[in-house]
There are 2 protein chains.
Amino acid sequence: MATADDKDVGEPTTEPNLTLGQYLASIRKDRRLSLRAVEERSGKQVSNAYLSQIENNQIQQPSPNILNALAEIYEISLEGLMEKAGFIQKSGLREQNERHGRIATFAEHNLTPEEEVELMQYLEFMRHRKRPR
Amino acid sequence: MATADDKDVGEPTTEPNLTLGQYLASIRKDRRLSLRAVEERSGKQVSNAYLSQIENNQIQQPSPNILNALAEIYEISLEGLMEKAGFIQKSGLREQNERHGRIATFAEHNLTPEEEVELMQYLEFMRHRKRPR
DNA sequence: ATAGCGTGCTTGGTATATCAAGCAGATTCT
DNA sequence: AGAATCTGCTTGATATACCAAGCACGCTAT
């Protein structure tokens, strides 16, 4: 069914593919970490309650401290998070895209935001189904 | 003394032992701007009242938004301010690395080849199903 | 079944960033 | 002399980041 979105922040930044919350949630699931596991790893710097709020877009701008902790735990770039959090408004620059994991990203597929979200959900479903070790 | 010789006031890397507030105040005075002038130039993004508090160290961590505004007005580096404000400048990637994360960064999701194939198929299915125009 | 644990989530409360409005002193008019 | 306009500063009020504690729903496994 076409469930568009049940909770939309409606924050008119530009055209973000994923919201900060969606992005963070998707990565946490990819890393197979629970909210409390992240809280743990952050040394209590990020509470599970707060992380939940962030992922559900109930927090507009988590502080760089928080973002930094998450970036380290997930091993992703802080700059990207800052950008998604709306801190730095960068001028449009070309993307170089030098991926390390050389698996073909979906970058060439020109995903619409909706498609991206849907794919993400499907990935989650997929992995849940398969009962990884 | 009329004019303290105009040395090179243009933002060294890191002045030794100035607090964020002292540092900001010294630079503002160097630029000969009043609190309200800064407020003005920032487009009201930074109120004179708030700037005063910052300069008197009554604010512990002004948000990056504020710091960014000030950095632009004073023409100093944002990173330096962030550092002085106590935001961690982790030993990460060097600066100057341009942004990536344009489209759905599935690159961060550690897809196995099988997962990638399956996702790809699902994407195709998705688009086949909807196919807008 | 029921006890236990792990999951995400909600919520009341606290701390703090941020500003509008005002205040007193110093200049500079007129 | 005031009047007008600066200056930096204080403060009460509001918004919101952030968390401790708890809740409800799964799961296994007795």
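First the proteins, then the strands, lettered A, B, ... as listed; each starts at 1.
- Across all their heavy atoms, Ile73(B) and Val38(B) have their closest contact at CD1-O, 3.7 Å.
- Considering Arg36(B), Gln53(B), Glu39(B) in turn, Glu39(B) is the only one that fulfils the side chain to side chain contact (heavy atoms under 4.5 Å, CB included) rule with Ser47(B).
- Set against dT18(C), dT11(C), dG8(D), the side chain of Arg28(B) has dG8(D) as its closest nucleotide.
- Between Gln61(A) and dA17(C), a side-chain N or O to OP1/OP2 separation shorter than 4.0 Å is absent.
- Among all heavy-atom pairs drawn from Pro62(A) and Tyr50(A), the shortest one is CA-OH, 3.9 Å.
- Here the P atom of nucleotide dA15(D) and the CG atom of Asn65(B) are 18 Å apart, to the nearest Å.
- For Gln53(B), the side-chain atoms get nearest to dC19(C) when compared with the rest of dC9(C), dC19(C), dC18(D).
- Closest to the side chain of Arg36(B), from the set dC23(C), dC18(D), dC9(C), is dC23(C).
- In terms of phosphate contacts, Ser34(B) brings a side-chain nitrogen or oxygen within less than 4.0 Å of OP1 or OP2 of dT7(D).
- Both Asn48(B) and Ser63(B) lie near DNA chain C, and the one whose nearest nucleotide falls closer to the 5' end is Ser63(B).
- The separation between Leu51(B) atom CG and dC19(C) atom C1' is 13 Å, rounded to whole Å.
- Ser52(A) has no side-chain polar atom (N or O) that falls below the 4.0 Å cut-off from OP1 or OP2 of dT10(C).
- Protein atom CD of Gln45(A) is 16 Å distant from nucleotide atom P of dA17(D), rounded to whole Å.
- For the pair Asn65(A)/Gln61(B), a side-chain contact is recorded, criterion being any heavy-atom separation below 4.5 Å from C-beta on.
- Glu55(A) pairs with exactly one of Arg28(A), Lys29(A), Gln22(A) by the side chain to side chain contact (heavy atoms under 4.5 Å, CB included) rule, that one being Arg28(A).
- Separating the CD1 atom of Ile66(A) from the C1' atom of dT16(D) is a distance of 13 Å, rounded to the nearest angstrom.
- The residue Ile59(B) sits close to a base: some heavy atom pair falls under 4.0 Å.
- Leu35(B) places its CG atom 15 Å from the C1' atom of dT18(C), with the value rounded to the nearest Å.
- Among the atoms of the strands shown, none is found under 4.0 Å from any heavy atom of Glu39(B).
- At a threshold of 4.0 angstrom between heavy atoms, the contacts of Gln60(A) are confined to the sugar-phosphate backbone, with no base atom among them.
- The nearest heavy atom of DNA chain C to Pro64(B) and to Ala49(A) marks one nucleotide each, and the one closer to the 5' end goes with Ala49(A).
- Look at Gln58(B) and you'll find a side-chain N or O under 4.0 angstrom from OP1 or OP2 of dT10(D).
- Atom OH in Tyr50(A) sits roughly 17 Å away from atom P in dA15(C) (whole-Å rounding).
- Glu40(B) has its CD atom 12 Å from the P atom of dA20(C), to the nearest Å.
- Here the C1' atom of nucleotide dT10(C) and the CG atom of Asn56(A) are 10 Å apart, to the nearest Å.
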